[in-house]
Amino acid sequence: VQLQAYGGGLVQAGGSLRLSCAASGIRISNNVMGWYRQAPGKQREWVASILSGGITNYGASVKGRFTISRDDAKNTVYLQMNSLKPEDSAVYLCYGSTTQIYWGHGTLVTVSS
């Protein structure tokens with residue numbers, strides 16, 4: 001299983017970014033997929049998940065600003081991030097959950113004030 005996350009970068013507060021997580025070795029439509037983030041000196045924080053049936057869930061700090069989605073044909077999960085705040089700055093990691101959890105390499109998001 002490989003999860004390749006990309007799309008991070010530097011953005012001003014109030015701006016938007018879309019992260020992508022391209023999966024191989026796992027069919028995203030059949031499993032739970034999601035995103036965590038980790039900022040320096042802080043614990044890893046769960047951000048969002050999408051279940052096999054398409055139900056989405058969000059952490060309290062991002063609800064209403066972030067949207068998780070997937071393209072089953074491309075086997076790719078997305079995280080649309082709007083109204084970004086400096087406190088959203090972190091390394092974002094995608095994961096897939098089958099009988100175990102698989103992690104991708106992170107992509108860095110930096111939000112300047």
Within the side chain of Asp72, is there an N or O that forms a donor-acceptor pair under 3.5 Å with the backbone of Asn75?
-> no

May I ask you to check whether over 12 heavy atoms, not counting those of Gln43, lie within 6.0 Å of atom CD?
-> no

Which pairs pass disulfide (SG to SG under 2.5 Å) with one or both residues in residues 77-113, sequence neighbours excluded?
-> Cys21-Cys94

Do Gln80 and Ser69 get their side chains close enough for a donor-acceptor pair, meaning under 3.5 Å?
-> no

Any luck finding a side-chain donor-acceptor pair between Thr67 and Arg18 under 3.5 Å?
-> no

Nearest heavy atoms of Ser83 and Arg65, plus distance in Å | O-NH1, 3.0 Å

Contacts of type side-chain contact (heavy atoms from CB on, under 4.5 Å), residue Glu87, not counting sequence neighbours = Lys85

When every non-hydrogen atom of Ala22 is compared with those of Tyr6, the smallest separation belongs to CB-CE2, 4.3 Å

Under the disulfide (SG to SG under 2.5 Å) rule, what pairs show up with a residue in residues 28-67, not counting sequence neighbours?
-> none

Establish, from distance only, whether the side-chain atoms of Asn82 and Ser16 form a donor-acceptor pair under 3.5 Å.
-> yes

Partners meeting side chain to side chain donor-acceptor pair (under 3.5 Å) with Arg27 (sequence neighbours left out) = none

If you link I, L, V, M, F, W and Y whenever their side-chain heavy atoms are under 4.5 Å apart, who else ends up in the same group as Val109?
-> Val1, Leu3, Val11, Leu17, Leu19, Ile26, Ile28, Met33, Trp35, Val47, Ile50, Tyr58, Val62, Phe66, Ile68, Val77, Leu79, Met81, Leu84, Tyr92, Tyr102, Val111

Looking at CG of Leu10 and CG of Leu108, how far apart are the two atoms once the value is rounded to the nearest 0.5 Å?
-> 9.0 Å

Report the C-alpha distance between Ser61 and Arg37 in whole Å, list the side-chain angles of each, state the deciding distance to 0.1 Å, and finish with yes or no for side chain to side chain donor-acceptor pair (under 3.5 Å).
-> CA-CA 12 Å; Ser61 61; Arg37 67 186 181 185; 3.2 Å; yes

Any residue meeting side chain to side chain donor-acceptor pair (under 3.5 Å) with Tyr78, in chain and number order, not counting sequence neighbours | none

Hey, can you tell me if Trp103 and Tyr36 have their rings parallel, tilted or perpendicular (30° and 60° cut-offs)?
-> perpendicular

Taking every heavy atom of Ser52 against every heavy atom of Asn30, the minimum-distance pair comes out as CB-C, 3.8 Å

What is the distance from atom CD of Gln12 to atom OG1 of Thr110, rounded to the nearest 0.5 Å?
-> 13.0 Å

Where do Ser113 and Pro86 come nearest, in terms of heavy atoms and distance?
-> CB-CG, 3.8 Å

